[in-house]
Structure formats: structure tokens, C-alpha cells
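Shown next, in C-alpha cells, is the structure this report addresses.
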Amino acid sequence: LETVDQDYHFEQVSAWPQSSLQLGQVSGLALDSDSNLVIFHRGDHHWGADSFNNQARYQQRSLGPIQQSAILVVDPSKGSILKASGRNMFFLPHGITADKENNYWVTDVALHQVLKVSSDGKDKTLMALGEAFIPGSDNNHFCQPTDVAVDTESGNIFVSDGYCNARIIKFSADGKYLSEWGAGSSDRRRRIPFHIPHSLVLLPDKKEICVADRENGRIQCFIAETGEFVKEIKKDEFGGEVFAISYSPTGDGLIFAVNGESLSRPVPIRGFVIDYSTKDILDTFSPNKKEFKMPHDIAETRDGSVFVGDASSKSVYKFTTESKFIFIKI
Ligand SMILES: O=C(N[C@@H](O)C(=O)O)c1ccccc1
């Protein structure tokens with residue numbers, strides 16, 4: 001008998017989490033400095049067709065902030081809740097990232113703000129960028145900002161802004177506006193402006209920022225220092241929408257992405273593992289029994305597990321690469 005190790009493939013760990021996490025719409029996932037999974041969700045609030053008026057103003061302030069803990073720190077192996085925080089401060093959570101001091105940087109599309117929040121359970125707001133509930137597109141207003149990336153070396157933070165803007169803004173660690181980039185540049189692929197820069201990630205080993213340019217169904221990467229366009233990854237398999245991207249924390253050059261429902265180009269909704277250098281799709285994956293409905297964020301933990309948060313099915317799915325051995329009779 002000879003064993004052949006099939007090249008790796010992600011499979012859902014269907015027994016994860018061991019018990020229900022009582023999640024609302026899951027909007028963001030992050031890896032914290034203890035290598036735990038952080039889930040950012042909307043509790044009993046929902047982003048629906050009537051959540052905003054046509055000036056992008058949030059219409060449900062009377063609901064008050066979400067009373068459930070919107071930020072859950074979860075053990076990646078069992079799915080048990082280790083810490084719960086973020087009560088009574090968010091209206092429509094969106095993106096989340098943890099910095100090296102384990103502070104949370106989050107965006108809230110109803111507040112049109114980026115908030116730096118302590119992770120000690122006291123929910124201290126250490127910094128607030130943007131004016132609460134006031135959309136805009138100048139140096140201190142966002143319009144439904146979607147995500148934040150922190151450059152641990154320089155401390156600079158990058159904000160993808162947003163549903164009703166089309167730019168990436170760079171701030172210093174203490175919140176000073178430094179620069180921004182969006183449409184327009186020499187490269188022809190940059191002449192098409194962003195259409196919902198929906199998720200962004202810093203590639204520390206490459207010093208680049210990559211963006212999920214959602215409605216353009218593409219990933220674009222830029223020099224973090226200058227905003228200069230580096231490359232675009234656009235695949236037929238994505239269909240029309242790329243919702244989120246993440247980068248392997250071990251820096252092995254793997255980009256993880258999830259695509260979304262596209263009426264114009266219906267394709268399977270899946271997770272993707274992409275080789276940053278070759279742009280090859282190395283693997284695709286989806287839940288065993290159910291389908292993804294609206295996979296909204298994706299994160300990989302240090303042990304190689306990949307987590308996907310689904311805003312429609314209010315669930316987080318875990319995937320691992322159990323290499324399957326195929327026994328070949330000689
Ligand atoms: O994209 C949308 N939502 C998701 O991304 C999300 O929930 O973050 C959306 C857009 C318009 C109306 C309602 C929802």
C-alpha cells in the first residue's frame with residue numbers, strides 16, 4: 001500500500017463552536033495579540049434597506065446602541081467565549097482589527113466613525129475619528145467606513161472609506177490625517193475608482209496595503225508608504241464581488257478572501273486561498289452542509305485555521321486543512 005498526501009484543502013470543522021455564540025449579523029473578525037479570535041457583531045441590530053436615508057444618515061438612532069456585547073474574544077480551538085465587551089456603544093458594527101497593544105480599532109457605519117477601544121473590558125474609547133452620525137468626505141469625516149488596518153512598525157493606521165466614499169486614508173498613530181488615495185493614477189486599472197473599498201489588510205513583510213474593492217470584484221495592493229499601485233488580483237471565480245481579504249499572520253504570502261452574491265455574474269460563494277506572488281487560487285472552500293449566505297470577513301489564526309463570519313446567517317465558520325491520505329493499492 002502507498003499513501004499519497006493530497007495537497008491541502010480546507011474543510012469546515014462542523015463541531016465548532018461547541019456551543020452557540022448567540023451572534024447577530026457578524027460584520028468583522030480579527031486575530032488578537034494572544035492569537036484568539038475576535039468577533040464583531042450587531043447583536044439585535046440589522047443593516048437593512050431602510051437603515052439609512054439617501055444622505056447616508058442612519059435612521060434608527062431611536063433604537064439606541066446595541067446592548068449586547070458586540071465584541072467577543074473566542075478561543076479558536078473550542079469556540080468558548082473568553083471575553084465579552086463593547087456594550088452600549090455601537091449602532092452598526094463593521095470592521096475590526098487588533099493592534100499590538102491589543103487595542104481594538106473598529107468602524108461603525110451608522111456612527112461614520114473609526115474608534116480605538118480598550119480590550120480590558122472597560123470599553124474605554126482611546127480615540128475617535130470622524131464625527132458621530134455625521135457622514136462626510138473631508139479629513140475628519142467618513143461615509144460608512146468599512147475597515148481599519150494598523151501598521152505595527154510605523155503605528156500608522158489605514159481606513160477604507162467606505163460605502164459612500166471611495167478612498168483609503170492614512171492617519172498617524174495619534175490620529176493625524178496624513179494622506180489618502182482613491183481613484184485616478186497612471187495605471188489604467190486605477191482609473192476605475194474604488195467601488196466600496198470593503199476590507200483592507202496590511203502585508204507586514206511586503207509593506208503593502210491590499211483592499212477588497214467589493215463591487216469591482218477585485219483586490220488591489222498598494223505601497224503602504226506612498227499609496228502607489230502595485231498589483232491587482234481579479235479572478236473570474238470571484239464573480240462580481242469580493243467582500244473581504246486577510247493575510248496569513250505567518251507571512252507565508254497567502255491571501256485569504258471571500259466573494260459575494262453578484263446578480264450580474266452568479267458564481268459559487270466561497271472562501272479562496274490565493275498565492276500573493278503568482279495570484280494563483282490554491283484552494284477554495286465553503287461550509288459542509290449549509291451554503292455561505294453573506295460571508296463578510298475572514299481571518300486566519302496562527303495555527304493555520306481560517307474563520308469566516310457570515311453577516312446574513314449570523315454565524316462564524318471554522319476551517320482547517322486536514323490533509324487527507326488516499327491509500328493506493330499497488
Ligand atoms: O452591503 C450591505 N450590507 C453589508 O455589507 C453589511 O451588512 O455590512 C447593504 C447595502 C445596502 C443595504 C443594506 C445592506
Side-chain angles (χ1 to χ4, degrees), residues 8-32 35-43 46-47 68-84 93-98 146-147 198-199 201 212 214 219 237-239 241-249 254-262 267-274 281-324:
Y8 81 9
H9 174 59
F10 278 93
E11 291 284 340
Q12 185 195 354
V13 179
S14 24
W16 192 97
Q18 284 173 353
S19 49
S20 165
L21 295 170
Q22 307 290 326
L23 298 171
Q25 292 183 322
V26 179
S27 62
L29 296 179
L31 178 71
D32 74 7
S35 294
N36 289 316
L37 179 72
V38 189
I39 300 172
F40 196 30
H41 72 105
R42 298 179 179 147
H46 296 80
W47 183 353
Q68 293 89 348
S69 301
I71 302 175
L72 300 177
V73 180
V74 164
D75 163 22
S77 57
K78 296 195 294 294
S80 45
I81 296 176
L82 304 173
K83 280 196 300 185
H94 202 274
I96 186 166
T97 196
T146 55
D147 204 3
H198 192 252
S199 161
V201 67
R214 182 171 114 179
I219 295 165
E237 293 86 341
F238 291 163
E241 310 215 344
V242 178
F243 265 64
I245 51 166
S246 182
Y247 187 66
S248 176
L254 298 183
I255 284 189
F256 297 90
V258 281
N259 69 334
E261 193 79 56
S262 157
V267 291
I269 310 297
R270 293 178 285 181
F272 297 82
V273 185
I274 301 159
I281 294 176
L282 304 180
D283 186 27
T284 64
F285 53 93
S286 57
N288 297 329
K289 298 192 178 56
K290 300 203 292 192
E291 298 283 305
F292 279 138
K293 287 214 188 96
M294 185 190 276
H296 203 262
D297 204 358
I298 185 165
E300 189 198 22
T301 50
R302 291 215 181 286
D303 71 356
S305 307
V306 169
F307 294 86
V308 174
D310 189 306
S312 288
S313 52
K314 302 183 178 181
S315 317
V316 175
Y317 298 94
K318 177 178 181 177
F319 300 86
T320 56
T321 54
E322 302 303 325
S323 51
K324 291 188 288 293

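Only heavy atoms go into these numbers, but all of them, side chains included; no hydrogens, no water, no symmetry mates.
- Considering Val308, Thr284, Asp283 as possible partners of Phe10, the one that fulfils the side-chain contact (heavy atoms from CB on, under 4.5 Å) test is Asp283.
- Ring pair Trp16/Tyr317: centre-to-centre distance not below 6.0 Å.
- Side-chain contact, Ser14 with Gln12: no donor N or O sits under 3.5 Å from an acceptor N or O.
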task = Could you walk me through whether Val26 and Asp297 pass side chain to side chain contact (heavy atoms under 4.5 Å, CB included), step by step?
result = CA-CA 8 Å; Val26 179; Asp297 204 358; over 6 Å; no
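- Rounded to the nearest 0.5 Å, atoms CG (Leu31) and CZ (Arg302) are 5.5 Å apart.
- Between Asp310 and Val258, the closest side-chain pair of non-hydrogen atoms is not below 4.5 Å.
- Ser262 OG to Phe238 CZ: the interatomic distance, rounded to the nearest 0.5 Å, is 13.0 Å.
- Between Glu241 and Asn259, every side-chain heavy-atom pair lies at or beyond the 4.5 Å cut-off.
- Here the closest heavy-atom approach between residue Gly24 and residue His41 is recorded as N-ND1, 3.0 Å.
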request  = Before giving the answer on side chain to side chain contact (heavy atoms under 4.5 Å, CB included), spell out for Leu37 and Val73 the whole-Å C-alpha distance, their side-chain angles and the decisive distance to 0.1 Å.
outcome  = CA-CA 6 Å; Leu37 179 72; Val73 180; over 6 Å; no
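- The CZ atom of Phe40 lies 11.5 Å from the NE2 atom of His296; values are rounded to the nearest 0.5 Å.
- In this structure, Ile298 CD1 and Phe307 CZ are separated by 11.0 Å, a value rounded to the nearest 0.5 Å.
- One distance of note links OG of Ser246 with CG of Leu254; it measures 10.5 Å at 0.5 Å rounding.
- Side-chain N or O atoms of Asp147 include none that pairs as donor or acceptor with a backbone N or O of Gly95 at under 3.5 Å.
- Partners of Glu237 according to the side chain to side chain contact (heavy atoms under 4.5 Å, CB included) rule, which considers only residues two or more places apart in sequence or in another chain, are Lys235, Arg270, Phe272, Ile281.
- We find the NZ-NZ distance between Lys78 and Lys318 to be 10.0 Å, quoted to the nearest 0.5 Å.
- Between Phe285 and Phe319, the ring planes are tilted. Angles from 30° to 60° get that label.
- Partners of Thr97 by side chain to side chain contact (heavy atoms under 4.5 Å, CB included), not counting sequence neighbours, listed by chain and number: Trp105, Val148, Val150.
- With Ser69 contributing its side chain and Ile71 its backbone, the two residues share no donor-acceptor pair below 3.5 Å.
- With hydrogens and angles left out, the side-chain atoms of Ser248 and Glu300 include a donor and acceptor closer than 3.5 Å.
- Ring planes of His94 and His198: perpendicular class, angle over 60° (limits at 30 and 60°).
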inquiry  = side chain to side chain contact (heavy atoms under 4.5 Å, CB included) for His46 and Gln25? Distances and angles first, verdict last.
reply    = CA-CA 7 Å; His46 296 80; Gln25 292 183 322; 4.0 Å; yes
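- Arg42 places a side-chain N or O within donor-acceptor distance of the main-chain N or O of Pro93, the cut-off being under 3.5 Å.
- Counting heavy atoms from C-beta outward, Thr301 and Pro76 have side chains that approach closer than 4.5 Å.
- Nearest heavy atom pair, residue Ser286 against residue Ile269, reads CB-O, 4.1 Å.
- A distance-only check finds a donor-acceptor pair linking the side chain of Ser199 to the backbone of Ile245 [under 3.5 Å].
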message = Does Leu29 form a side chain to side chain contact (heavy atoms under 4.5 Å, CB included) with Val316? I'd like the steps, not just the answer.
response = CA-CA 9 Å; Leu29 296 179; Val316 175; 4.2 Å; yes
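- Using a 4.5 Å heavy-atom cutoff, the side chains of Pro17 and Val74 are not in contact.
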